[in-house]
Amino acid sequence: MNVTIASVDYLVLLVYVILLLAFGFYIKKQSGDIFLGGRSLKWWQIGFSLFSANAGPMMLIGFASIGFSQGVVGSNFEWLAWIFLMLLAMFFLPHYMATKVTTVPQFLLLRFGKRSYNFLIIYSLISILFVWLGSAMYAGGLIISQIFQWPLMKSVIIVAVIAASFTSIGGLKAVVRTGIFQSLIIIFSSIILTYLALEKIGGVQAFVKAVPANYWKLFRPASDPEYSWIAILAGYPVVAIYYWCADQTIVQKVLAAKDLKEGQYGAMFIAALKIIMPLIFIFPGIMCFVLFKETAQPDNAYITLVTQLMPHGLLGLCIAALIAALIDTVSSGLNSFSTVFTLDVVAQFKDMSEERKRQMGKWLTWVAAVLAVCIAYLYSHSGKGFFELSQGLVSILAPPLSVVFLAGIMWKRVNSIAAEAVLYGGGLVSLIVGLCHVLGYPYKGFWPHFLLLSVYLFLVFSIVIVLVTLFTKPNERQSLPSLVETNRKAGHQPKAVWIRWALLAVVMGAIYFVFR
């Protein structure tokens, strides 16, 4: 792919990098707690930071690809997310903040004990390195190398250095501050791109008529091999519970809230932003199908639209948006890795002062950056197929964690033995099944779609945790207080928050009615 970049585009990119570093390094003067930013974040800071961490390069490229080849069906992954953000805000977050945990593994320590805690530490570190960091650097490096005609690893290393520099100094506050800045760039450039594409097509009516009828269906028949309605409505929640409610990189943002109310409104803000995300990420892919279906491919639909429609200057802005999405995903992952490793690994073996923890966190940010570059290098030599396989494995490995976290907050009776049985036993089963699935063993076509497979695993592990709990003694650990007790202790009346969630539900219901 040849991209012609003019001087004005380079100027826009230069201004972006200068502003990004200025935003990031400005925090140095006021940073204390680099892990949770002093628990001082407001709702809008949390929402924008979650948006920018979630809107990584694979979302910009991947969603446009789904739009190009499948239509609006991929919008379900955005328009259904509000349910699980509500679960995070109204059910998980009160318990997280009441127990004053700094990391998600610490919640399992308090709820189920040391063995469950150690399991999630290992899983979190591996997940951050391979899913958040390595894959983001590899995918982003491919994009940047294609645009600038740079070697892949040069692109990856530049991204790692930029992200690690301000993250190691400013910690979570720097990640959040730059996340707000980068969210605005991503949203603004994506809206312009969508507008230009719609104008070239000839307006909304011409766009609707030019697209095949099946492209406008949010739910596909059960026979659809990729995105059947069963796979989406049953399989997506299994992954979403873990991703939105128990993943360190996501949850860390709401743990840093000034109080419970700010955290809940922050989650609601990102849920509201989800309304527009298909319009600016998936619809451009559909528009590319209308305009350039003879020359474009699903994987380069976004880049094709950018290079064909964006005038110089705005082209630089769109490239800046891609880089913004990449760097913010990487910086969020770096901060989460240093947080978990410092507070959950090193702290188990060595007592440290707050200053020593900060220094350790800064060094570990750079260690994580080096490891992520190495993982991106492995991805580059394993080929794109291996990268796609890793994403499928994440979906299959999520069920045991979703079961344990959901049971941990919903059922006081569930005990440590049951949690450990699902985490260790279920984790092993998921790993074996996942490997067999992606390798096509015992034969190709034996396994169902990975979203459906995640449902079956979730149901089996749910039965296991119930039976083990019922046939073993109750937990000797003090169970979590009820949500009513937790809210009362926080001095918070969630009625107003629930009303706003209900209004959001009405809006989402109307959207699904339109695309029924």
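Everything numeric here is computed off the predicted structure, so don't read it as measured data.
- Looking at every heavy atom in both residues, I323 comes nearest to F148 through CD1-CE1, 4.4 Å.
- Residues F84 and C245 share a closest heavy-atom pair of O-SG, 3.5 Å.
- The closest side-chain heavy-atom distance from W411 to L406 is not below 4.5 Å.
- For F341 and F337, the ring centers sit closer than 6.0 Å to each other.
- Residues Y377 and Y138 place their aromatic rings such that the two centres sit no closer than 6.0 Å.
- Side-chain contact between I144 and L326: present, with at least one pair of heavy atoms (C-beta onward) separated by less than 4.5 Å.
- Every residue meeting the side chain to side chain donor-acceptor pair (under 3.5 Å) condition with S336, not counting sequence neighbours, appears here in chain and number order: T249, Q252.
- Legend: residues meeting salt bridge (charged side-chain N to carboxylate O under 4.0 Å, His left out) with K258, ordered by chain and number and at least two apart, are absent.
- Using a 4.5 Å heavy-atom threshold, the side chains of S155 and M137 count as separate.
- Scored by the salt bridge (charged side-chain N to carboxylate O under 4.0 Å, His left out) test, E262 finds no partners at all (sequence neighbours excluded).
- Going from atom CG of L50 over to atom NZ of K253 covers 6.5 Å, rounded to the nearest 0.5 Å.
- With values rounded to the nearest 0.5 angstrom, F461 atom CZ is found 10.5 Å from S402 atom OG.
- Every residue two or more places apart in sequence or in another chain that forms a side chain to side chain donor-acceptor pair (under 3.5 Å) with Y243 is listed here: N54.
- Residues that satisfy the ring pair (Phe, Tyr, Trp, His ring centres under 6.0 Å) test with W79, not counting sequence neighbours, are F515.
- S145 places no side-chain N or O within donor-acceptor distance of the main-chain N or O of L152, the cut-off being under 3.5 Å.
- Between the CD1 atom in I465 and the OG1 atom in T469 there is a gap of 5.5 Å [rounded to 0.5 Å].
- Judged by the 6.0 Å and 45° rule, K42 forms no cation-pi pair with W44.
- Considering every non-hydrogen atom in both Y227 and V73, the closest pair reads CB-CG2, 3.7 Å.
- Contacts of Y236 classified as side chain to side chain donor-acceptor pair (under 3.5 Å), with partners at least two apart in sequence or in another chain: none.
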Let's go through W82 and I275 carefully: what are the C-alpha distance in whole Å and the side-chain angles of both, what is the deciding distance for side-chain contact (heavy atoms from CB on, under 4.5 Å) to 0.1 Å, and is it a yes or a no? CA-CA 9 Å; W82 73 273; I275 295 173; over 6 Å; no
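- Listed for the S52 side chain is a donor-acceptor partner under 3.5 Å among the backbone atoms of S49.
- Of all non-hydrogen atoms in P442 and W447, the two that sit nearest each other are CD-NE1, 4.3 Å.
- With sequence neighbours excluded, no residue forms a ring pair (Phe, Tyr, Trp, His ring centres under 6.0 Å) with Y456.
- No side-chain heavy atom of S116 sits less than 4.5 Å from a side-chain heavy atom of L109.
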Walk me through it: do L87 and W244 pass the test side-chain contact (heavy atoms from CB on, under 4.5 Å)? CA-CA 9 Å; L87 191 65; W244 289 113; over 6 Å; no
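- A heavy-atom distance below 4.5 Å is found between the side chains of I232 and L80.
- Listed by first and then second residue, the side-chain hydrogen bond (donor to acceptor under 3.5 Å, both in side chains) pairs involving residues 84-94 amount to none (not counting sequence neighbours).
- For residues 73-98, the salt bridge (charged side-chain N to carboxylate O under 4.0 Å, His left out) pairs, not counting sequence neighbours, are E78-K274.
- In this structure, CD in Q359 is found 11.5 Å from CE in M352, a value given to the nearest 0.5 Å.
- R413 pairs by the salt bridge (charged side-chain N to carboxylate O under 4.0 Å, His left out) definition with nothing, not counting sequence neighbours.
- Under the 4.5 Å side-chain criterion, counting only non-hydrogen atoms from C-beta, I186 is in contact with S190.
- Here OH of Y265 is found 11.0 Å from CG of D259. Values are rounded to the nearest 0.5 Å.
- Taking CD1 from I46 and CE from M268, the interatomic distance works out to 12.0 Å, rounded to the nearest 0.5 Å.
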Which side-chain N or O atoms in residues 117-125 pair as donor and acceptor under 3.5 Å with protein atoms at least two apart or in another chain?
{"from": "Y117", "atom 1": "OH", "to": "D344", "atom 2": "O", "distance (Å)": "3.3"}
{"from": "Y117", "atom 1": "OH", "to": "D344", "atom 2": "OD1", "distance (Å)": "2.8"}
{"from": "N118", "atom 1": "OD1", "to": "Q348", "atom 2": "NE2", "distance (Å)": "3.3"}
{"from": "N118", "atom 1": "ND2", "to": "K114", "atom 2": "O", "distance (Å)": "3.4"}
{"from": "S124", "atom 1": "OG", "to": "L120", "atom 2": "O", "distance (Å)": "2.7"}

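- A distance-only check finds a donor-acceptor pair linking the side chain of S183 to the backbone of F48 [under 3.5 Å].
- Proximity of Y242 to P399: side-chain heavy atoms (C-beta onward) are nowhere separated by under 4.5 Å.
- Scored by the side chain to side chain donor-acceptor pair (under 3.5 Å) test, T472 finds N415 as partners (sequence neighbours excluded).
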side-chain contact (heavy atoms from CB on, under 4.5 Å) assessment of F107 paired with I409: CA-CA 10 Å; F107 177 75; I409 67 158; 3.8 Å; yes
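- The two residues M360 and T342 have their closest heavy-atom pair at CG-OG1, 3.8 Å.
- A136 approaches T329 most closely through the heavy-atom pair CB-CG2, 3.9 Å.
- The shortest distance between side-chain heavy atoms of L364 and T339 does not fall below 4.5 Å.
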Let's go through S75 and F63 carefully: what are the C-alpha distance in whole Å and the side-chain angles of both, what is the deciding distance for side-chain contact (heavy atoms from CB on, under 4.5 Å) to 0.1 Å, and is it a yes or a no? CA-CA 8 Å; S75 302; F63 272 179; over 6 Å; no
